[in-house]
Number of protein chains: 2
Amino acid sequence: MGRAHETGGRAVPQYARIAADLLRQIEDGTLPPGELLPSEAELMRTYNVSAGTVRKAMAEVRAGGRVETRHGKGSLVKKRPPVRQRSSDRFRRSHRTKGQAAYLAEAAQSGAVPGVRVLSVEHRAVPDDVAPLLRVAPGTEVLARRRLYLRDGVPVETATSFIPRDVADAIPQLRAENPGSGGIYARFEGAGHEFAEFVETLQARGATAAETEVLGLTPGTPVIHLVREAVTTLGRVIEVCDTVMAADQFVLTYRIPAVD
Amino acid sequence: MGRAHETGGRAVPQYARIAADLLRQIEDGTLPPGELLPSEAELMRTYNVSAGTVRKAMAEVRAGGRVETRHGKGSLVKKRPPVRQRSSDRFRRSHRTKGQAAYLAEAAQSGAVPGVRVLSVEHRAVPDDVAPLLRVAPGTEVLARRRLYLRDGVPVETATSFIPRDVADAIPQLRAENPGSGGIYARFEGAGHEFAEFVETLQARGATAAETEVLGLTPGTPVIHLVREAVTTLGRVIEVCDTVMAADQFVLTYRIPAVD
DNA sequence: CAGTGGTCTAGACCACCAA
DNA sequence: TGGTGGTCTAGACCACTGG
């Protein structure tokens, strides 16, 4: 009993109905931010369904991004659903000369406590998808700076910068854990490179197992995969930054000037 | 038997291991594009797990976006995983004067057959989240143009344009199903509006039930929610376009000029 | 028709959390 | 300790696809 087609001839499965119910309650404030959702056992009772069905419903609710589930505790409505703002002018030179790296510049606007952890700085073979962007042969050795960004202590983004050897070797600070005031872009400029533009290419997809691990996500949770190329006025790409962000933590905005 | 901690003391669940296995095989070409994945029954046999476990693994594989599952048929590796390119210069005026709306301009680059279906053109109350962007009071009546974009016949994106009454009333073609050559932006320009910039704000999240329906997605599949404001040289926002895209169908690129 | 994925059940055992 | 979510099983019935 309880099959979708029997409970009223509907084509919509029970788990979808339960998920929609919960999402609506979050939407209209019946379940306010910070509130604990009904436990799965309770949902089983109130909807008269089995555990598997409730779990599938909850998986869908989680995918919506407005809920956070903690093992042994329960699921609670997130306080500020979309949080960090990544915007076009985060790369302003004026920020760097004031000593703010891009992520600090935007953290200032959003009121959360930011953090960075440098995971590794090493020479390694360039990944196949990055090689053409840097205009180097596949397998060429480059400098890779891998770091983890935190927001209020929780990981929200990983980023890996790839820099050609000849550029990196000329700037010793790039091999240091802390590249100094203004971040690595300030170091590039200090070494005479002048930026013309940044090109960001992004797509969204479910998190892979590896990303799930590093960012502390539930499997299948959406992530944004963004690759940024830093182009100098000489037309050279001197850095490619590959970042993966927990999708629910970011809102991105871009300003596109109208052109002919 | 078969629990995660018993099969070798690993903390990684079986479904994750199976999903990773399949994703790796897709990645390295063991399962080439167009190929049918092993059926769920076969996976149960080869990995010696139950149906539920295999289904959870497949759900994770699907979330990766490289696989398409058809009921009664099986799961197959998508041909061209990321397909449509949405780029910064899709709004070039030169495209419009040549009679190409933005979506046609980019479709030309990607080799697929594009399509649009106008779902509705009507006057309605502005949504609460759109009102502040248009600088109108909540509940104000605006013109809403809702359309569905197709790629090779399958829906990939819904878009709803909101236009203030005073702007819309002056341009009769905006109420027509087909706004004419160059799209609605060409009509705005024809009526004397000059665009200064477009501001795009986007986030990624799992699809809601309603989106699942319209776009023909699996529940929980990632979507990109993008809101574009069209700003004129007079500083007025004359259109807000709210779009939801199937995430696996789009790669977005933005060019950000370096500024001080 | 046989084979495929989709929904659902009932029950087991585990890992985490808080009192 | 009792309640919570997380993983897994074994089996049922359904709906869709294709020959």
Side-chain angles (χ1 to χ4, degrees), chain A residues 1-20 22 35-63 67-77 209 212-213 216-221, chain B residues 1-20 22 35-63 67-77 209 212-213 216-221:
Chain A
M1 68 291 268
R3 293 327 166 342
H5 68 288
E6 297 177 53
T7 51
R10 322 270 270 79
V12 34
Q14 309 228 75
Y15 72 82
R17 186 178 156 278
I18 299 172
L22 293 169
E35 185 85 348
L36 217 48
L37 267 66
S39 77
E40 299 188 352
E42 192 170 337
L43 290 172
M44 287 171 65
R45 287 190 293 272
T46 70
Y47 287 97
N48 226 297
V49 294
S50 74
T53 303
V54 165
R55 299 221 84 236
K56 198 158 188 212
M58 287 305 300
E60 205 170 324
V61 170
R62 269 189 291 273
V67 142
E68 185 186 348
T69 299
R70 284 206 275 253
H71 195 165
K73 184 78 186 302
S75 292
L76 39 92
V77 183
T212 297
E213 180 113 9
L217 303 172
T218 321
T221 296
Chain B
M1 71 291 268
R3 292 329 162 343
H5 68 288
E6 298 179 51
T7 53
R10 323 271 268 80
V12 35
Q14 308 228 75
Y15 72 82
R17 186 178 157 276
I18 298 173
L22 292 170
E35 185 86 346
L36 217 47
L37 267 65
S39 76
E40 298 187 352
E42 193 170 335
L43 290 171
M44 289 170 65
R45 287 190 293 272
T46 71
Y47 287 97
N48 227 296
V49 294
S50 73
T53 304
V54 165
R55 299 221 85 236
K56 198 156 189 215
M58 288 305 299
E60 205 172 322
V61 170
R62 268 190 293 274
V67 143
E68 186 186 349
T69 297
R70 284 205 275 254
H71 193 166
K73 184 79 185 302
S75 293
L76 39 93
V77 182
T212 296
E213 182 112 9
L217 302 172
T218 320
T221 296

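Any value given below was found using the heavy atoms of this structure, including those in side chains, with hydrogens, waters and symmetry copies removed. Quick caveat, the model's predicted, so the values are computed rather than measured. A note on names: the letters A, B, ... follow the listed sequences, proteins ahead of strands, and every chain is numbered from 1.
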Output, in order, the C-alpha distance, side-chain angles, deciding distance and verdict of side-chain contact (heavy atoms from CB on, under 4.5 Å) for B/V67 and B/L22.
CA-CA 10 Å; B/V67 143; B/L22 292 170; over 6 Å; no
Does the pair B/T221 and B/T212 meet the rule for a side-chain contact (heavy atoms from CB on, under 4.5 Å), with working shown?
CA-CA 8 Å; B/T221 296; B/T212 296; over 6 Å; no
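Regarding contacts with the backbone of D/dT7, a side-chain N or O of B/Y15 is found under 4.0 angstrom from either OP1 or OP2. Remark: A/T53 is in phosphate contact with C/dT9, judged by side-chain N or O atoms under 4.0 Å from OP1 or OP2. Between A/K56 and C/dC8 there is no side-chain N or O to OP1 or OP2 distance below 4.0 Å.
Separating the CD atom of A/E68 from the P atom of D/dT4 is a distance of 18 Å, rounded to the nearest angstrom. If you measure from atom CG of A/L76 to atom P of C/dA18, you get 11 Å, rounded to the nearest angstrom. Per the geometry, CZ belonging to A/R17 stands 15 Å off C1' belonging to C/dC8, to the nearest Å. In this structure, the OH atom of B/Y47 is 19 Å from the C1' atom of D/dT9, given to the nearest Å. Whole-Å rounding puts the A/M44 CE to D/dG3 P distance at 14 Å.
In this structure, the separation between OG on B/S75 and CD on B/E68 is 9.0 Å, given to the nearest 0.5 Å. Of the inter-residue distances, the one linking A/T53 atom OG1 with A/Q14 atom CD reads 6.5 Å to the nearest 0.5 angstrom. To the nearest 0.5 angstrom, A/M58 atom CE is 10.5 Å from A/I18 atom CD1.
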For nucleotides 3-5 of chain C, tabulate all protein N/O to nucleotide N/O atom pairs closer than 3.5 Å, reporting atom names and distance.
from: C/dG3; atom 1: N2; to: B/G72; atom 2: O; distance (Å): 3.0
from: C/dT4; atom 1: OP1; to: B/S39; atom 2: OG; distance (Å): 3.4
from: C/dG5; atom 1: OP1; to: B/E40; atom 2: N; distance (Å): 3.3
from: C/dG5; atom 1: OP2; to: B/E40; atom 2: N; distance (Å): 2.7
from: C/dG5; atom 1: N2; to: B/H71; atom 2: NE2; distance (Å): 3.2
from: C/dG5; atom 1: N3; to: B/H71; atom 2: NE2; distance (Å): 3.1

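Of all heavy-atom pairs spanning B/A16 and B/E60, the tightest one is CA-OE1, 4.3 Å.
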